[in-house]
Amino acid sequence: MANRTLPRLLQTPAVVLLLLWMLVPLGMTLYFSFIRYVLNNLRKPEWTTPSLSNWRGFGNYEYVLFNAKDFWFAVQNSLFIVVSILVLTVILGLALAMLVNRSFPGRGIVRVLLISPFFVMPAVNAVLWINMILDPVLGLNGIAVEGINAWVRGLHDFPVLGAFFSMWPEIEPISFRATQTSAYAVIIMVTWQWTPFAVLIFMTSLQSEDESQKEAAILDGASAWSRFRNLTIPHLARPIAIVVMIQSIFHLSLYAEIEIVSRGNGNKNLPYLIGEFTSNNIGAASAAGIFAVILANIVAIFLLRMVGKNLMD
Amino acid sequence: MAVIDQTTKFGKVFWPVLAWGIALIFFFPIFWMVFTSFKTDADAVKPEYLFTFKPTLENYLNMTDNYDYWRFAINSVITSTFATGLALVVGVPAAYAMSFNPSRHTKDILVWMLSTKMLPAAAVLYPMTFLTKNFLQIYDTHFLVIIVLCLINLPIVIWMLFTYFKEIPKEIIEAGKMDGVSTWGEIKDILIPLAWGGVASTALLCFIFCWNEAYWTVRLTTTEASTLSKLIEGNRAPEGLFFGRLSAVSTAAVGPIVILGWFCQKQLVRGLTFGAVK
């Protein structure tokens, strides 16, 4: 048929653009990961320009794996952050989707309120949470704790019981700017942003649930829990898997939130560590980058399989 | 068939109240940001003015002096609009060809396109800086930001369009062919009018993603082409001195997008799950 070439021609710009976008930078990363390449080195100025004569083999990979002090911490922390967010968003998402999946007055408004956090840009999300909400002095966190303390102090003047209350300690607000706690802050803000996404997907899926099957179960006297366990959960298995995988891909490359919340306080994930390497040691940054690609691909392969399977039906 | 109503009287009140309560909690940070934006910087950090204060518009009126807001906002509008436009110009013909003239490879091409989305941006940070700064010399230009935003979102755009186009009966397009309509005519006069809703929501979602992008727009710009993400990121630690003005500029940065988002919540599912959840 004559109209074979035209469809191909129409796809060409998209394919070529994406091919370039993928292959050129990735090829360069691969190349840099095998050479010695640093931006500043007074003793070895020849290392500051990329060249095959600075070939280092797997030296950068070895350095990243065994000598770079933060690599394993960053990998571990990346996984900790991603897994925590996944667990929280899936559980919250399921609960909220079930809650909103019934008709009640103002349901439309509830949906709009619930979905809103997803559209807040990540930079604003991070700045808003870490300053106005979680700050231990000026944020709502600090103000609330101070309020509780003031209230307890008021109880000190109580006759008889006052002596008892004065033995209570003052509560210290949690500071979310230390290494470990700022990871929690990131988890909180990303969970806030992505729970709406889970809710939306679970809700969409719940609406396609087979109602007659459910009714039959009710008539057979199945309890609410066993209906949820045996009908709803199997029905939601696929959306849950999709939510988990899409979020993994997004959160493995989490950057803006970490940059804003914990610049320089030691809390880092893999993308952040690569960013740090990039300020000087390009060889190491590239090797770490290849590890990040491998990590993302492990997740991606499963997702692509699943998406590809029902592509043509 | 009506669902058997098992809800007790207690449940009829309790569950909706709970849903409302949780929804309000989720919306609270956004509300708080908007609320704080009407306080002066001094009032914003005083607990005694937590809920009662004299509202002021000064934070909004001084946005230009304080943050040069409009320069960043205009950059965001320009880059997001052109990136979305470009993504559609490249994406519509591709999705059209794939849905109406699929070949053996169409499925693989689609899945491969999606896989480009999974490349962690940090892995190619230095090559991108190197290429655009030293080699192509387009670092910190609108052109670069537009191209990058377009490429990041192109896979999602093509996927979404593909799922919408597939819903159009093939016969309609075939009929057009019989009548001797050119390919361009088919796209312009038959496909776009039929899939208008789908194309519009794809564009809307693409625009939102462009607007909120916070990796490349921050890393590949310094001043000229910086977007709102970069503006906010640059003011990450105001040390509490500027809560009022920071809230105002944040509200101005996310307000329009959150409202746009309300209109395309349904399409979001399709866009982000690549049609795998219906």
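Letters A, B, ... are given to chains in the order of the sequence lines, protein chains preceding strands, and every chain is numbered from 1. Values in this document were obtained by computation on a predicted structure and should not be read as measured data.
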Most chain B-contacting option - heavy-atom pairs closer than 4.5 Å, from [options]:
{"options": "A:G139, A:G147, A:G106", "answer": "A:G106"}
{"options": "A:N297, A:L270, A:T12, A:V120", "answer": "A:V120"}
{"options": "A:I274, A:L295, A:L252", "answer": "A:I274"}
{"options": "A:A292, A:S103, A:P50", "answer": "A:A292"}
{"options": "A:T195, A:V261, A:I130, A:L20", "answer": "A:T195"}
{"options": "A:I143, A:V137, A:L18, A:T278", "answer": "A:L18"}

Of A:F250, A:W192, A:W194, which is the lone residue that meets ring pair (Phe, Tyr, Trp, His ring centres under 6.0 Å) with A:F118?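 Output: one option passes, namely A:W194.
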Nearest non-hydrogen partners of [X] and [Y], listed with the distance:
{"X": "A:I133", "Y": "B:P29", "answer": "CD1-CB, 3.7 Å"}
{"X": "B:L204", "Y": "B:L260", "answer": "CD1-CD2, 3.6 Å"}
{"X": "A:I258", "Y": "A:K268", "answer": "CG2-CA, 4.4 Å"}
{"X": "B:I259", "Y": "B:F263", "answer": "O-CD1, 3.2 Å"}
{"X": "A:I249", "Y": "A:S253", "answer": "O-OG, 3.4 Å"}

Heavy-atom contact with chain A under 4.5 Å, split by part of [X]:
{"X": "B:Y96", "value": "side chain"}
{"X": "B:V258", "value": "both"}
{"X": "B:L154", "value": "side chain"}
{"X": "B:L151", "value": "both"}
{"X": "B:W112", "value": "side chain"}
{"X": "B:Y126", "value": "both"}
{"X": "B:W20", "value": "both"}
{"X": "B:L231", "value": "neither"}
{"X": "B:F130", "value": "side chain"}
{"X": "B:I109", "value": "side chain"}

Before you tell me yes or no, could you show the steps for B:M98 and A:L10 under side chain to side chain contact (heavy atoms under 4.5 Å, CB included), namely the whole-Å CA-CA distance, both residues' side-chain angles and the distance that decides it to 0.1 Å? CA-CA 9 Å; B:M98 288 182 191; A:L10 290 175; over 6 Å; no
Nearest 0.5 Å please: distance from the [atom1] atom of [X] over to the [atom2] atom of [Y].
{"X": "A:I188", "Y": "A:E257", "atom1": "CD1", "atom2": "CD", "result": "13.0 Å"}
{"X": "A:M203", "Y": "A:N101", "atom1": "CE", "atom2": "CG", "result": "7.5 Å"}
{"X": "A:M121", "Y": "B:E233", "atom1": "CE", "atom2": "CD", "result": "12.0 Å"}
{"X": "A:N125", "Y": "A:M189", "atom1": "CG", "atom2": "CE", "result": "6.0 Å"}

Spell out, as yes or no, whether a donor-acceptor pair under 3.5 Å connects the side chain of B:N212 to the backbone of A:P122.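 Between the backbone of A:P122 and the side chain of B:N212 there is no qualifying donor-acceptor contact (under 3.5 Å).
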Most contacts with chain A, counted as non-hydrogen pairs under 4.5 angstrom, among [options]:
{"options": "B:P120, B:P16, B:S250", "answer": "B:P120"}
{"options": "B:S229, B:P127, B:A122, B:A87", "answer": "B:P127"}
{"options": "B:V92, B:L125, B:I30, B:V249", "answer": "B:I30"}

Test of understanding: with side chain to side chain donor-acceptor pair (under 3.5 Å), list the residues that count as partners of A:S116, not counting sequence neighbours.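 Expected list: B:W262.
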Contact part of [X] toward chain B, heavy-atom cut-off under 4.5 Å: side chain, backbone, both or neither?
{"X": "A:E146", "result": "neither"}
{"X": "A:L128", "result": "side chain"}
{"X": "A:L140", "result": "side chain"}
{"X": "A:Y31", "result": "neither"}
{"X": "A:I201", "result": "both"}
{"X": "A:I115", "result": "side chain"}
{"X": "A:Y37", "result": "side chain"}
{"X": "A:F291", "result": "neither"}
{"X": "A:I294", "result": "neither"}

For B:F31 and B:F27, I'd like to know if the aromatic rings sit close, meaning centre-to-centre distance below 6.0 Å.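 Aromatic pair excluded; centres sit 6.0 Å or further apart.
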Which residues, numbered in order, of residues 280-289 of chain A come under 4.5 angstrom of chain B by heavy-atom distance?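 Interface residues of residues 280-289 of chain A: A:I282, A:G289.
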I'd like to check [X] versus [Y] (side-chain heavy atoms, cut-off strictly below 4.5 Å). Are they in contact?
{"X": "B:K230", "Y": "B:T217", "value": "no"}
{"X": "B:V148", "Y": "A:W21", "value": "yes"}
{"X": "A:R111", "Y": "A:V199", "value": "no"}
{"X": "B:W211", "Y": "B:V254", "value": "no"}

Walk me through it: do A:M28 and B:V124 pass the test side chain to side chain contact (heavy atoms under 4.5 Å, CB included)? CA-CA 8 Å; A:M28 287 170 75; B:V124 292; over 6 Å; no
